[in-house]
Participant: 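Just passing along the structure, written as structure tokens.
Predicted model, so just to flag it, every value in this text is computed and none were measured.
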Amino acid sequence: MTPPLPKVLLKPQRAQPFFGRHPWVFAGAIDAVSGDPADGAEVELRTTAGTFVARGLYNSQSKIRVRLYSWEPEVPLDRAFWKARLERAISLRHNVLNLNQPNAAYRVVFSEADFLSGLVVDRYGDWLSVQFTAFATAQRKEMFAELLTELLLPKGIYLRTEKGIGKLEGAEIHDGPLRGEPPSAEIAVEENGLKFVVNLSEGQKTGYYLDQRNNRAAAARYAHGRRVLDAFCYSGGFGLYAAKAGAAEVECVDASDAALALAKKNAEANGLDRVTFVAADVFDHLSTRAKEGKTYDMIVLDPPKFARDRRAVPDAIRGYRRLHSLAMKLLDKDGILVSCCCSGLILPEEHEDVIVQTAIDAKRDLQILERRGAAPDHPVAATCRETAYLKCWIGRVN
Ligand code: SAH
């Protein structure tokens with residue numbers, strides 16, 4: 001007989017979201033905790049009346065006090081449970097999306113979107129990059145590394161965690177090789193026939209922005225013959241796709257020299273000339289270009305996350321407005337605007353409102369051509385729609 005699990009009791013009237021299978025139980029919804037669970041321990045979530053709701057993992061140090069994983073009272077969150085969850089995530093990428101190709105790069109596990117809150121796994125060729133974004137998953141890192149090795153046979157697994165997570169979760173997370181061979185500094189991956197170099201230990205995010213894969217291809221369909229500006233280019237994603245699709249010229253801009261060095265390397269590896277690279281702040285660069293009277297036929301705006309928390313949203317919106325009014329000045333007649341926003345706190349309507357309003361202010365007619373999200377290896381869990389964060393909006397400016 002296993003001893004009964006510690007119990008987390010909800011306040012009255014607070015159980016509904018969790019019967020609705022939302023995975024985050026914030027401290028404010030909790031009435032009492034019994035059984036003295038250690039951080040990372042398995043607990044049962046119950047209503048005030050004592051009815052079972054779900055099983056989850058506890059963390060006294062996080063605002064998310066319990067992360068929920070299972071709504072089955074009898075199924076423990078053991079190795080077999082996590083293995084089945086990983087298999088389900090892998091099956092989406094391999095059997096449904098067909099992403100399991102040589103030198104492929106894709107997200108294998110996307111936290112809540114794969115019912116695995118606190119675990120993100122990316123595949124870059126023969127290597128995996130793993131992020132633990134919860135104390136409880138970090139605590140189980142050896143088990144996850146073992147399971148991922150068994151299921152995906154990587155040459156190595158590298159631990160790479162977003163800044164600030166340790167503090168939010170009270171976990172000590174040290175980046176570095178977790179299993180197998182350490183990755184070479186440059187891993188060559190292929191995406192829609194284009195080669196990209198990825199640096200797992202030093203690149204931004206986990207090395208590459210996998211979520212934009214299909215949006216790069218979508219944007220490229222408009223690029224033929226156009227003069228393209230790729231603003232916030234990082235390793236060249238949108239710009240190189242546009243060049244390959246036959247853009248007349250492509251100008252890639254980023255503030256990071258390391259990013260531009262990667263972008264140049266990628267352009268060369270794909271034999272793409274007609275691409276120029278500018279190291280500059282995008283806001284400054286667009287203003288300068290506008291003053292020079294330069295115009296483009298297509299502008300891609302893919303800025304970093306401007307809003308990290310709710311308080312930052314008004315400033316972020318102002319930033320997006322400035323960016324878009326500059327783009328309106330620079331786009332020639334019949335220009336194509338590709339506008340991305342990866343701040344989950346800014347809703348699709350709010351992002352679109354910024355674009356629409358700046359077009360009206362600039363007295364430009366605007367047509368919406370495509371409203372897109374992240375590639376489907378970054379799915380949206382219907383019970384946790386916060387997992388929808390990326391907007392990629394394509395329009396025509398007359
Ligand atoms: N479009 C890229 C991803 C962009 S990520 C792709 O498809 O892969 C955002 C990029 O913006 C980063 O490379 C970062 O270095 C750059 N960046 C952030 N703030 C900037 C600024 N003010 N001016 C120029 N680049 C900036």
Side-chain angles (χ1 to χ4, degrees), residues 191-198 203-205 208-290 292 294-306 319-320 323-324 326-332 335-342 355 369-370 372 375 390-397:
E191 186 183 272
N192 292 319
L194 276 154
K195 297 188 188 92
F196 286 93
V197 162
V198 176
Q204 294 182 22
K205 233 179 170 184
Y208 187 65
Y209 292 85
L210 296 165
D211 50 358
Q212 293 283 28
R213 182 190 315 107
N214 293 2
N215 296 331
R216 295 184 187 110
R221 289 195 279 271
Y222 301 94
H224 188 85
R226 291 184 190 270
R227 295 163 301 153
V228 178
L229 175 73
D230 178 4
F232 309 94
C233 68
Y234 183 52
S235 58
F238 283 93
L240 301 189
Y241 270 72
K244 192 182 174 205
E249 60 177 59
V250 179
E251 188 175 306
C252 289
V253 188
D254 202 284
S256 151
D257 290 327
L260 288 172
L262 277 178
K264 278 181 203 163
K265 200 172 273 184
N266 289 335
E268 275 164 30
N270 290 289
L272 297 168
D273 36 23
R274 275 184 288 178
V275 187
T276 53
F277 301 92
V278 184
D281 174 87
V282 164
F283 291 90
D284 294 346
H285 183 69
L286 297 190
S287 305
T288 309
R289 286 301 205 208
E292 291 168 0
K294 165 82 181 161
T295 57
Y296 302 88
D297 310 304
M298 176 166 167
I299 296 181
V300 179
L301 302 173
D302 185 18
K305 207 194 251 184
F306 283 166
Y320 286 117
L323 203 54
H324 286 86
L326 287 165
M328 292 296 163
K329 285 196 185 128
L330 290 165
L331 271 173
D332 217 336
I336 296 293
L337 175 65
V338 179
S339 168
C340 308
C341 170
C342 60
I355 308 170
L369 305 181
E370 300 188 37
R372 311 176 54 89
L390 182 66
K391 283 77 67 184
C392 172
W393 185 102
I394 306 180
R396 175 176 180 244
V397 181

Participant: In Å and rounded to the nearest 0.5 Å, what is the CD1 to CG distance from I299 to D230?
Facilitator: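 One gets 11.0 Å once the value is rounded to the nearest 0.5 Å.
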Participant: Taking all heavy atoms of E370 and all of A218, pick out the closest pair and write down the distance.
Facilitator: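 Here E370 and A218 meet closest at OE1-CB, 3.9 Å.
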Participant: Are S235 and V197 side-chain neighbours, meaning at least one heavy-atom pair lies under 4.5 Å?
Facilitator: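 A side-chain contact is absent here, since even the closest heavy-atom pair is not under 4.5 Å.
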Participant: Given side chains that start at C-beta, do those of F196 and L262 come closer than 4.5 Å, heavy atoms only?
Facilitator: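 When only atoms from C-beta onward are counted, L262 and F196 do not touch, as no gap falls below 4.5 Å.
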Participant: So which heavy atom on H224 is nearest to which on A245, and how close?
Facilitator: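 Result for this residue pair: ND1-O, 3.2 Å.
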Participant: Ignoring hydrogens, what is the shortest heavy-atom contact between R213 and A375? Give both atom names and the distance.
Facilitator: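 Result for this residue pair: NH1-CB, 3.6 Å.
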Participant: About how many Å separate OG1 of T288 and CG of D281, when rounded to the nearest 0.5 Å?
Facilitator: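 Rounded to the nearest 0.5 Å, the CG-OG1 separation comes to 9.5 Å.
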Participant: So which heavy atom on F232 is nearest to which on P304, and how close?
Facilitator: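 Distance-wise, the nearest heavy atoms are CD2-CD, 3.7 Å.
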Participant: Which residues pass the side chain to side chain donor-acceptor pair (under 3.5 Å) test with R226, sequence neighbours left out?
Facilitator: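 None.
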Participant: What pairs of residues pass the side-chain hydrogen bond (donor to acceptor under 3.5 Å, both in side chains) test when at least one of them lies in residues 241-255, not counting sequence neighbours?
Facilitator: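 Residue pairs passing side-chain hydrogen bond (donor to acceptor under 3.5 Å, both in side chains), neighbours aside: E191-Y241, N192-Y241, E249-K294, E251-H285, E251-R289, E251-Y296.
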Participant: I'd like to check Y320 versus P303 (side-chain heavy atoms, cut-off strictly below 4.5 Å). Are they in contact?
Facilitator: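 Sidechains of P303 and Y320: in contact.
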Participant: To the nearest 0.5 Å, what is the distance between CD1 on I336 and CG on L369?
Facilitator: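 Rounded to the nearest 0.5 Å, the CD1-CG separation comes out at 5.5 Å.
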Participant: Begin from the C-alpha positions of N215 and D302 and carry the test side-chain contact (heavy atoms from CB on, under 4.5 Å) through to its verdict.
Facilitator: CA-CA 11 Å; N215 296 331; D302 185 18; over 6 Å; no
Participant: SG of C341 to CH2 of W393: how many Å apart, nearest 0.5 Å?
Facilitator: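 One gets 13.0 Å once the value is rounded to the nearest 0.5 Å.
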Participant: Give me each pair satisfying side-chain hydrogen bond (donor to acceptor under 3.5 Å, both in side chains) with a member in residues 258-271, each pair once, sequence neighbours excluded.
Facilitator: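 Every side-chain hydrogen bond (donor to acceptor under 3.5 Å, both in side chains) pair that includes a residue of residues 258-271, provided the two are not neighbours, is E186-K265.
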Participant: Might you point out which heavy atoms bring L337 and A327 nearest each other, and give the distance in Å?
Facilitator: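 Scanning both residues, the minimum pair turns out to be CD1-CB, 4.2 Å.
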Participant: Distance-only, no hydrogens or angles: does the R227 side chain make a donor-acceptor pair with backbone N or O of A248 under 3.5 Å?
Facilitator: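 Between the backbone of A248 and the side chain of R227 there is no qualifying donor-acceptor contact (under 3.5 Å).
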Participant: Side-chain contact test, heavy atoms from C-beta onward, threshold under 4.5 Å: evaluate it for L286 versus K329 and give yes or no.
Facilitator: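 No, every pair of side-chain atoms sits at 4.5 Å or beyond.
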Participant: Do C340 and F238 come within less than 4.5 Å of each other through their side chains, counting heavy atoms only?
Facilitator: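 Yes, side chains in contact.
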Participant: L240 and A263: which non-hydrogen atoms are nearest, and at how many Å?
Facilitator: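 Minimum heavy-atom contact is CD1-O, 4.2 Å.
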Participant: Quick check for you: to the nearest 0.5 Å, what is the distance between L229 atom CG and L301 atom CG?
Facilitator: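 Output value for this atom pair is 7.5 Å.
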Participant: Any side-chain heavy-atom pair from L272 and L194 closer than 4.5 angstrom?
Facilitator: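 When only atoms from C-beta onward are counted, L194 and L272 do touch, with a gap below 4.5 Å.
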Participant: Going from CG on N214 to SG on C392, what distance comes out if it is rounded to the nearest 0.5 angstrom?
Facilitator: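 If I round to the nearest 0.5 Å, the distance is 10.0 Å.
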